[in-house]
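We name chains A, B, ... by the order of the sequence lines, and we start the count at 1 in each one.
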There are 2 protein chains.
Amino acid sequence: MAKSETPRKRRKVQGVTMMDVAERAGVSPSTVSLFFRNPDAVSAKAGNAVRTAVRDLNYAPNRMAGGLASASSPVVGVIVPSIRNAFFAETIASLQRGLDPARLQIMLGQTEYDQSVEDALVRTTLSWAPAALVVAGTDHSAATRQLLKASGVPVVEIWELGGETPLDMAVGFDHREVGAAAARHLASRARRSLVFLSGRVHEDKRAASRAEGFLAEAKALGLPARHFDHPAPATTELGGILFNRVLAELGNEDAVGIGCSNDHIALGVLFEAQRQARSIPGDYAVMGFGDLEFASSAAPALSTIRPFGDVIGSETARLILGRRAGLEDTDRTSIIDTGFRVVQRQTT
Amino acid sequence: MAKSETPRKRRKVQGVTMMDVAERAGVSPSTVSLFFRNPDAVSAKAGNAVRTAVRDLNYAPNRMAGGLASASSPVVGVIVPSIRNAFFAETIASLQRGLDPARLQIMLGQTEYDQSVEDALVRTTLSWAPAALVVAGTDHSAATRQLLKASGVPVVEIWELGGETPLDMAVGFDHREVGAAAARHLASRARRSLVFLSGRVHEDKRAASRAEGFLAEAKALGLPARHFDHPAPATTELGGILFNRVLAELGNEDAVGIGCSNDHIALGVLFEAQRQARSIPGDYAVMGFGDLEFASSAAPALSTIRPFGDVIGSETARLILGRRAGLEDTDRTSIIDTGFRVVQRQTT
DNA sequence: CCTATAAATAATAGCGCTACGAAACTGGCA
DNA sequence: TGCCAGTTTCGTAGCGCTATTATTTATAGG
């Protein structure tokens, strides 16, 4: 019996490789690779041959091989507390749009407001040698800060300014200022006392900052102010619950100004006020945060503070692409304050 | 002058490699690799040595190298129309949670309801040799279907059932049925005529299916029904606009049943009705879809149809992990109907 | 005490691509 | 025609890891 020839090794694993394309196009693999990275560096003839071969074979490059060889990958890690949060969702959508022309893809991680999860997520994401890392907030564990700094990967901290010094780049605004602006606005609407309603400030540091700014400004204005927080997430339902607590505790005051940590809570206040037949903005002026889609159509239309979540996304993309292109942004220009705007409508 | 020794090649590029860990732990690189993939296959002594070395050196494995060598990567591609859509956001959040224990990360893509974008996204995502691909809907271009099938990557189509035959696995529900259920519910509330309000059905195929189901069922029930659509996205503001169109065209009818393609539109109807002093549910019964967070707290509380977006996410994760574990799901069990529930509140 | 068998570890050969330098072409112009 | 500079193409050597096979070490049995 003839000993059968055993093919020693070879785990053919990918359908069509760059080598196949090269062979079909009648050029070397190097040329194919070059064509992908810089089409202009290749003659028109070779370029067309490659293009045709790619189409014929339906070739898609193996990003992992490319990433390994070049020690960089076309992914941008994005780590946010929760994607269900409309703010982050908007920013991510706009970030992605900005990243698109550079063919960078988003790798998503959610911390669920847990810093140890953030730690793990940063570590894993870093192991993809991402082109950049985008994280929400500037409040990170020492380990994470260290890891981030040591990695050499461009880091953009978003949605928060004014707290810790940014590690690298930052795009956002100061939430204490937002709170203060809300308090000032309510004061300007002849409110004699203020309250701030929020959900789980123990986890949501940015909501906590807004509360802090609100209360500090109230004090500076000489207005009595109270803070009602609840460990549950900041939802419409919670808005109703908190408003009832306000009624229970300040039921016989009028000209109360209510600042809400976001529009969901404000919406809950609106609904509950309607149920309880309280007058808005007569007895209770209500101010939201976020300028979510429903704010302008609510009845009465909700006064709120508009952050620019989409701008945060697009500016973040701009910074990342700029850094990639080797544009030497000075430190000054890579911290971008996107600001916010007080939008007065009918509830104040 | 002594000729300087030129180190030929060597692009040292990663801080700490597996080789460094091996050296420090006093074992071979193979053992380190083995330890990561299957800790039990390594002796306690070697395991501890590796663990310590990893900690000391703050080592993070290079996923691209691993992925290249093993021809598979720990990422799950997720392609949805828009992450700003609360439905998809919820599903993605829950999917991520389900994927977490397997250390699978999500790579996100948004089509913005553009099929050619979907095509491109599928192609790029595939080039990461993902552990699985999750796409919204079952309506894909022929090229995409072909690509997906040929790739051999597990595919889960989510949020839609009842249209095209799924390519591989599917988790969702039938949107025509949702529309029909809404029509039936309104009929059961003594409505004499029905309308359906929606935004951009030309793009959102699932909303189109709901509309279709609604109108077909109305016909079957012998009720007159009209469809008001608008090319703009389905927002609260649009709800108000559409409701005004309804008033203009059926202003003197009473007992009208309004089905909305989602809760945002329904909310807009509620607000506009309040402004126009129309009685809900007296003259106009309103039915939403989504059971979004605000639905139960609205005034009046919004009747709606609740999909189970979180279940879609967790079931999708379950299918992916099952497939990975090599559990041979029959075709039957890998199409999961998560159903929906009619939630009656005060607006009907 | 020595062999048979299992368990643990190590050596080897790529995975598919990119970076780099070398080779092979151009096309002037002396 | 020959030679040089510039352009285009190609060959080589890895990137850091995994899969597989080979080797060593521990365990047991006669």
Side-chain angles (χ1 to χ4, degrees), chain A residues 6-50 53-54 57 59-74 124 126-129 131, chain B residues 6-50 53-54 57 59-74 124 126-129 131:
Chain A
T6 356
R8 261 333 179 90
K9 293 225 174 173
R10 181 124 269 249
R11 296 162 266 152
K12 175 75 169 197
V13 100
Q14 180 167 325
V16 182
T17 72
M18 192 173 265
M19 255 178 61
D20 299 323
V21 174
E23 197 168 344
R24 173 115 182 183
V27 299
S28 76
S30 299
T31 304
V32 178
S33 172
L34 186 60
F35 172 76
F36 276 115
R37 284 171 294 133
N38 181 9
D40 297 336
V42 154
S43 70
K45 202 179 96 187
N48 286 331
V50 171
V54 165
L57 298 173
Y59 168 75
N62 182 324
R63 305 275 165 201
M64 289 191 291
L68 178 58
S70 68
S72 73
S73 72
T124 353
L126 242 23
S127 67
W128 284 99
Chain B
T6 354
R8 261 333 179 90
K9 292 223 173 173
R10 178 127 270 247
R11 295 163 264 151
K12 175 75 169 199
V13 101
Q14 180 167 326
V16 182
T17 72
M18 192 174 267
M19 256 178 61
D20 300 323
V21 173
E23 198 169 341
R24 172 118 183 179
V27 298
S28 75
S30 300
T31 304
V32 177
S33 172
L34 187 59
F35 172 75
F36 275 116
R37 285 169 294 133
N38 181 10
D40 297 336
V42 154
S43 70
K45 203 178 94 186
N48 287 330
V50 171
V54 165
L57 298 173
Y59 168 75
N62 182 324
R63 305 274 165 203
M64 288 189 291
L68 178 58
S70 67
S72 73
S73 73
T124 356
L126 242 22
S127 68
W128 285 99

**Student:** If the cut-off is 4.0 Å, is Y59(A) near the phosphate of dG16(C), judged by side-chain N/O to OP1 or OP2?
**Tutor:** no
**Student:** Between T124(B) and S127(B), do the side chains contain a donor N or O and an acceptor N or O under 3.5 Å apart?
**Tutor:** no
**Student:** By a strict heavy-atom criterion of less than 4.0 Å, which residues belonging to residues 24-35 of chain B are in contact with DNA chain C?
**Tutor:** V27(B), S28(B), S30(B), T31(B), L34(B)
**Student:** Using Watson-Crick pairs (N1 to N3, plus N6-O4 or O6-N4) and G-U wobble pairs, both distances under 3.5 Å, which stems of at least 3 pairs involve DNA chain D?
**Tutor:** C:1-30 with D:1-30
**Student:** Near DNA chain C, counting only heavy atoms under 4.0 Å, which residues of residues 37-50 of chain B show up?
**Tutor:** V42(B), S43(B), A46(B)
**Student:** Mind calculating the distance between CG (N62(A)) and P (dG16(C)) to the nearest angstrom?
**Tutor:** 7 Å
**Student:** Using whole Å, what does the distance between atom C1' of nucleotide dT18(C) and atom CG of L68(A) come to?
**Tutor:** 10 Å
**Student:** Calculate the interatomic distance between W128(A) atom CH2 and dC15(D) atom C1'; express it in whole Å.
**Tutor:** 15 Å
**Student:** In whole angstroms, how far is the C1' atom of dC17(D) from the CZ atom of F36(B)?
**Tutor:** 11 Å
**Student:** Would you kindly give the CE-to-C1' distance between M18(B) and dC15(D), to the nearest whole Å?
**Tutor:** 14 Å
**Student:** Any side-chain to backbone donor/acceptor pair from N48(B) onto K45(B)? Under 3.5 Å, distance only.
**Tutor:** no
**Student:** Quick test: give all pairs of protein nitrogen or oxygen and nucleotides 22-26 of chain C nitrogen or oxygen below 3.5 Å, distance rounded to 0.1 Å.
**Tutor:**
none

**Student:** Figure out the CE/P separation between M64(A) and dG16(C), and round it to whole Å.
**Tutor:** 10 Å
**Student:** Which residue pairs pass the salt bridge (Lys or Arg N to Asp or Glu O under 4.0 Å) test with at least one member in residues 24-38 of chain A, sequence neighbours excluded?
**Tutor:** R24(A)-D56(A)
**Student:** Looking just at side-chain N and O atoms, do S33(A) and S30(A) make a donor-acceptor pair shorter than 3.5 Å?
**Tutor:** no
**Student:** Check side chain to side chain contact (heavy atoms under 4.5 Å, CB included) between D40(B) and all other residues, then give those that pass, not counting sequence neighbours.
**Tutor:** N38(B)
